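Worth saying up front: this structure is predicted, and the values here are computed from it rather than measured.
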Amino acid sequence: GLMSGKVYPVFDKLFLAVSVVIAANTFWVAFKFIQELHLNDRRLRVSVRSFMEKYLVEFSMLILSLLLLPFRLASCCLQPSCNLYPLYLYCHKTLQS
């Protein structure tokens, strides 16, 4: 992203929305992990196993979104539709029902 000289346009509403979705999703996944840690009496290994059993898809999509965003910024395509967020939102909504 920044190595190519391109700056992420957070003042554009669409790009700001993508950033807010990433932040909200990161917060939600972290909150769910902390809940699992609390439910399992702060036993890390048991908590990680339980968290992965329950939220593997959400965690995987979060990792994908965090890893692919800088590569999307480095490319010529800076459109939010080029990211995997529509796919992520579809998978997340489908799996929650």
Using 0.5 Å steps for rounding, measure from the [atom1] atom of [X] to the [atom2] atom of [Y].
X     : Y     : atom1 : atom2 : value
Lys32 : Ser50 : NZ    : OG    : 11.5 Å
Met52 : Ser60 : CE    : OG    : 7.0 Å
Phe33 : Lys54 : CZ    : NZ    : 12.5 Å

Taking only residues two or more places apart in sequence, or in another chain, which ones meet Leu16 in a side chain to side chain contact (heavy atoms under 4.5 Å, CB included)? Val20
Quick one: side chain to side chain contact (heavy atoms under 4.5 Å, CB included) partners of Thr26, sequence neighbours excluded?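 Applying side chain to side chain contact (heavy atoms under 4.5 Å, CB included) to Thr26 gives Ile22, Leu62, Leu66.
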Starting from Val21, can I reach Phe27 by hopping between I/L/V/M/F/W/Y residues whose side chains sit under 4.5 Å apart? no
Out of curiosity, does Ile34 fall in the hydrophobic cluster containing Phe59 (side-chain heavy atoms, cut-off under 4.5 Å, transitive links)? no
Side-chain donor/acceptor pairs under 3.5 Å, residues 39-46, sequence neighbours excluded:
| residue | atom | partner | partner atom | Å |
| --- | --- | --- | --- | --- |
| Asn40 | ND2 | Glu36 | O | 2.9 |
| Arg43 | NE | Asn40 | O | 3.2 |

Assert yes or no for the condition that the ring centre distance of Phe51 to Tyr55 is strictly below 6.0 Å. yes
